[in-house]
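Only heavy atoms go into these numbers, but all of them, side chains included; no hydrogens, no water, no symmetry mates. Both ligands and their constituent atoms are indexed starting at 1 by order of listing.
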Amino acid sequence: MEKYDYEELVNSTQSFSPARLIGRGSHGSVYKGVLKDNKLVAIKKPTRGPEALHDKSKLDNEIGVLSSLRENPHVINLLGTSQDSANGKLLVMELMPNGSLHDLLHVSTAPPTWPKRVEIATQIARAVRFLHEGKPLVIHRDIKSANILFDSNWNSKLADFGLAVLQLDSQSQVSQPAGTIGYLDPCYTTPSKLSTKNDVFSFGVVLLEIISGRKAIDMSRVPSSIVEWAIPLIKDRRISEICDPRIALPAFMKPTIRHMLCIAARCVSSNEDQVRPSVAEIITLMENPLIHHDRVRFPIWKSLLRRMVLLKRRRKLASRLQARSCAATKQGDHHVHSHLSSGRLLLKEVLADVRSHK
Ligand SMILES: Nc1ncnc2c1ncn2[C@@H]1O[C@H](COP(=O)(O)OP(=O)(O)OP(=O)(O)O)[C@@H](O)[C@H]1O
């Protein structure tokens with residue numbers, strides 16, 4: 001991890017000018033910086049003012065957690081830090097120029113396509129698995145669409161580790177429950193309830209958000225919570241009512257989206273131990289189509305039914321041709337008979353029949 005000279009960061013952001021401000025979070029402001037070698041970076045600087053002390057500890061925590069992680073394609077990459085006696089620590093990370101998933105879903109006028117939504121969900125799940133299976137294990141505690149950012153190739157990465165906890169850290173057991181309303185696991189009520197399943201709950205909310213295009217909490221609707229709204233609809237299999245109405249769901253995507261909604265419902269279940277899956281299980285479910293219960297059940301029945309119908313038709317046709325063959329033999333029509341007995345005519349007719357019913 002690089003140690004940046006504070007003056008270089010000042011110059012790279014035109015003295016932290018408002019023109020370079022990307023946005024403000026709860027524990028700092030993020031600026032776009034252009035380093036001497038023209039490399040583009042994002043620089044997080046604690047906010048000044050009465051909340052500065054709190055901001056500083058969150059920023060320190062973010063630096064501590066990010067610097068303990070190996071590089072991962074779906075987790076924001078920490079490039080380095082800088083220290084200034086007056087301004088404290090600054091965090092330098094890769095620049096994510098395409099904004100957040102929150103903006104893509106709720107601000108942009110071009111909502112993502114259905115395959116893109118599935119890709120985003122899969123990439124976030126991979127990021128969470130990396131954190132949960134890593135050494136040390138990390139619980140993010142603030143998985144939400146505003147913390148999922150897009151790089152120049154529109155790949156998603158999980159960012160904002162201000163609330164994250166390292167499970168090996170003895171302090172982690174005493175952290176007070178924290179997160180964002182709407183994404184926060186209702187089972188996480190005391191410090192001792194901290195677990196990876198808290199992140200799974202938040203991931204489930206993000207899945208619902210990705211599929212519906214609805215905000216986690218929307219005060220203009222009843223119910224305002226996406227979980228309360230979506231779960232009864234999923235149970236009643238009213239899938240089309242959940243899907244983002246701004247973009248038509250193609251038929252070929254329906255089984256996948258139905259399957260993803262079933263995963264989301266399990267993620268937000270209050271039965272943490274038996275129903276809520278681990279993120280490893282979520283990825284297995286997402287990546288292995290054989291476990292796509294909904295996806296498999298209907299096509300298998302459909303194709304079995306279709307095969308039975310075709311088999312019946314073939315048998316009928318075969319017996320018709322058999323009858324014609326007998327008649328031709330009786331009448332001495334050897335031309336027709338030779339074709340029929342060699343099976344060529346039979347095969348041709350059967351194929352034509354099958355094709356006409358495809
Ligand atoms: N690496 C980055 N590249 C580009 N933009 C970023 C980067 N990191 C953060 N941002 C943007 O900077 C703003 C502030 O981010 P930050 O992570 O501090 O807070 P937040 O996620 O918005 O809020 P909170 O900390 O309250 O959860 C957000 O608009 C975010 O999208």
Side-chain angles (χ1 to χ4, degrees), residues 1-2 4 9 12-13 16-35 39-49 51-67 69 71-82 87-108 120 123-124 127 138-165 175 177-184 198-199 202-203 205-206 209 215-217:
M1 196 175 63
E2 201 160 330
Y4 289 91
L9 298 188
S12 77
T13 55
F16 297 104
S17 83
R20 290 292 180 86
L21 181 69
I22 298 173
R24 289 186 205 281
S26 62
H27 62 289
S29 304
V30 177
Y31 293 84
K32 177 180 171 178
V34 187
L35 298 180
K39 187 176 178 153
L40 297 175
V41 292
I43 301 166
K44 195 181 267 191
K45 182 176 179 279
T47 347
R48 290 177 192 227
E51 282 163 9
L53 209 64
H54 176 62
D55 289 352
K56 229 181 106 206
S57 69
K58 278 179 90 181
L59 203 71
D60 283 343
N61 184 59
E62 184 162 21
I63 293 171
V65 174
L66 282 176
S67 56
L69 296 176
E71 225 178 293
N72 178 274
H74 301 300
V75 170
I76 196 84
N77 190 17
L78 174 70
L79 301 173
T81 56
S82 176
N87 296 288
K89 267 189 192 153
L90 281 85
L91 189 152
V92 182
M93 42 189 167
E94 63 179 314
L95 180 75
M96 301 293 280
N98 282 318
S100 70
L101 176 61
H102 178 275
D103 290 350
L104 181 68
L105 289 173
H106 310 301
V107 181
S108 162
I120 295 168
Q123 291 180 341
I124 307 162
V138 171
I139 303 175
H140 187 281
R141 298 206 300 172
D142 206 12
I143 295 171
K144 57 179 178 179
S145 56
N147 287 339
I148 293 153
L149 306 180
F150 294 105
D151 69 10
S152 51
N153 295 319
W154 285 94
N155 283 312
S156 24
K157 299 199 182 196
L158 190 56
D160 194 357
F161 283 70
L163 292 180
V165 287
S175 308
T180 301
I181 294 171
Y183 298 89
L184 187 59
N198 308 143
D199 279 351
S202 313
F203 173 77
V205 177
V206 172
E209 204 179 339
K215 289 182 181 163
I217 296 283

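Counting heavy atoms from C-beta outward, V138 and V165 have side chains that stay 4.5 Å or more apart. Counting heavy atoms from C-beta on, the side chains of M96 and D151 come closer than 4.5 Å. Residues M1 and L66 fail the side-chain proximity criterion, which asks for heavy atoms closer than 4.5 Å. Proximity of Y31 to L9: side-chain heavy atoms (C-beta onward) are nowhere separated by under 4.5 Å. Side-chain contact check for K144 versus E209: every heavy-atom pair is 4.5 Å or farther apart.
Formation of a donor-acceptor pair under 3.5 Å by the Q123 side chain with backbone atoms of H74 is not found in this model.
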request  = List the steps, then state whether side-chain hydrogen bond (donor to acceptor under 3.5 Å, both in side chains) holds for Y183 with S145.
outcome  = CA-CA 10 Å; Y183 298 89; S145 56; 3.2 Å; yes
ask   = Hey, mind stepping through R141 and N198 against side chain to side chain contact (heavy atoms under 4.5 Å, CB included) and telling me if it holds?
value = CA-CA 7 Å; R141 298 206 300 172; N198 308 143; 5.8 Å; no
Candidate pair V205 and S202, rule side chain to side chain contact (heavy atoms under 4.5 Å, CB included), full reasoning = CA-CA 5 Å; V205 177; S202 313; 5.6 Å; no
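Of the protein's non-hydrogen atoms, L149 CD1, 3.4 Å is the one closest to atom 7 (C) of ligand 1. From the protein, the heavy atom lying nearest to atom 25 (O) of ligand 1 is D160 OD2, 2.8 Å. For atom 21 (O) of ligand 1, the nearest protein heavy atom (residue, atom name, distance) is N147 OD1, 2.6 Å. At the top of the distance list for atom 4 (C) of ligand 1, counting protein heavy atoms only, stands M96 O, 3.3 Å. Here the heavy atom of the protein found nearest to atom 2 (C) of ligand 1 is A42 CB, 3.5 Å. Protein heavy atom closest to atom 23 (O) of ligand 1, with residue, atom name and distance, is G25 CA, 3.6 Å.
Close approach to K144 involves these atoms of ligand 1, each under 4.0 Å from a residue heavy atom: 27 (O). Ligand-side atoms of ligand 1 in range of I76: 1 (N), range being under 4.0 angstrom from any heavy atom. Using a 4.0 Å cut-off to heavy atoms of G23, the atoms of ligand 1 that qualify are 13 (C), 14 (C). Less than 4.0 angstrom separates some heavy atom of R24 from each of these atoms of ligand 1: 14 (C). For ligand 1 and D142, the ligand atoms under 4.0 Å from any heavy atom of the residue are 27 (O).
M93 CE to I43 CD1: the interatomic distance, rounded to the nearest 0.5 Å, is 9.0 Å. Within the model, atoms CG of L184 and CD1 of I143 stand 12.0 Å from one another, a figure rounded to the nearest 0.5 Å.
Nearest to atom 9 (C) of ligand 1 by heavy-atom distance, out of V30, L91, I22, is V30. With atom 1 (N) of ligand 1 as the reference point, the heavy atom nearest to it among K44, K157, E94, E62 is part of E94.
Distances from atom 28 (C) of ligand 1 to the protein include no heavy-atom value under 4.0 Å.
Residue-level proximity to ligand 1 for M93 is carried by the side chain, the only part with a heavy atom below 4.0 angstrom. Looking at A159 against ligand 1, nothing comes within 4.0 Å, counting heavy atoms.
Distances shorter than 4.0 angstrom do not occur between any heavy atom of K58 and any atom of ligand 1.
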